[in-house]
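Structure record follows, encoded as structure tokens.
Throughout, residue positions are numbered sequentially from 1 according to the sequence presented. Basis for what follows: all heavy atoms, side chains included, without hydrogens, waters or symmetry-related copies. Whatever order the structure lists ligands and atoms in, that order sets their numbers, starting from 1.
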Amino acid sequence: MSKLKSNNKVCKWYQVCPIKFFVESGKLDRKWVEEYCLINNKDCKRYQLEESGKSHPDNLLPNGVIKEDLF
Ligand code: SF4
């Protein structure tokens, strides 16, 4: 049942998530992907909104804060 969990540590949205691109381009600290994306942390606000089909801006951080100067 929970086999999926061990095979699936990275968030399923990672490849298309703007947070990944912001980190790769040096605009965001790597801690965001380490603390959320790479461990499939479902506390991520982006993840929760994505799952419930609610739109959210690209500059919404995993902790729910909108970073105004991020684009
Ligand atoms: S920011 Fe959230 S939704 Fe995006 S890849 Fe990371 S954990 Fe997933």
Checklist entry - Does NZ or CZ of Lys27 fall inside the cone over Phe22's six-membered ring, less than 6.0 Å from its centre and within 45° of the axis? => result no

Checklist outcome for this item: Nearest heavy-atom approach of Lys54 to His56 is O-ND1, 2.9 Å

Checklist outcome for this item: Residues Lys12 and Asn40: closest non-hydrogen pair is N-OD1, 4.5 Å

Checklist entry - Can you check side chain to side chain contact (heavy atoms under 4.5 Å, CB included) on Leu70 and Leu61, steps first, answer last? => result CA-CA 10 Å; Leu70 184 65; Leu61 296 175; 4.3 Å; yes

Item to check | Distance filter under 2.8 Å, centred on atom 2 (Fe) of ligand 1 - protein N, O or S atoms that pass it | outcome: Cys44 SG

Checklist outcome for this item: Nearest heavy-atom contact between Glu35 and Ile39 is O-CD1, 3.4 Å

Item to check | Exercise: identify the closest heavy-atom pair between Trp13 and Glu51 | outcome: NE1-OE2, 3.4 Å

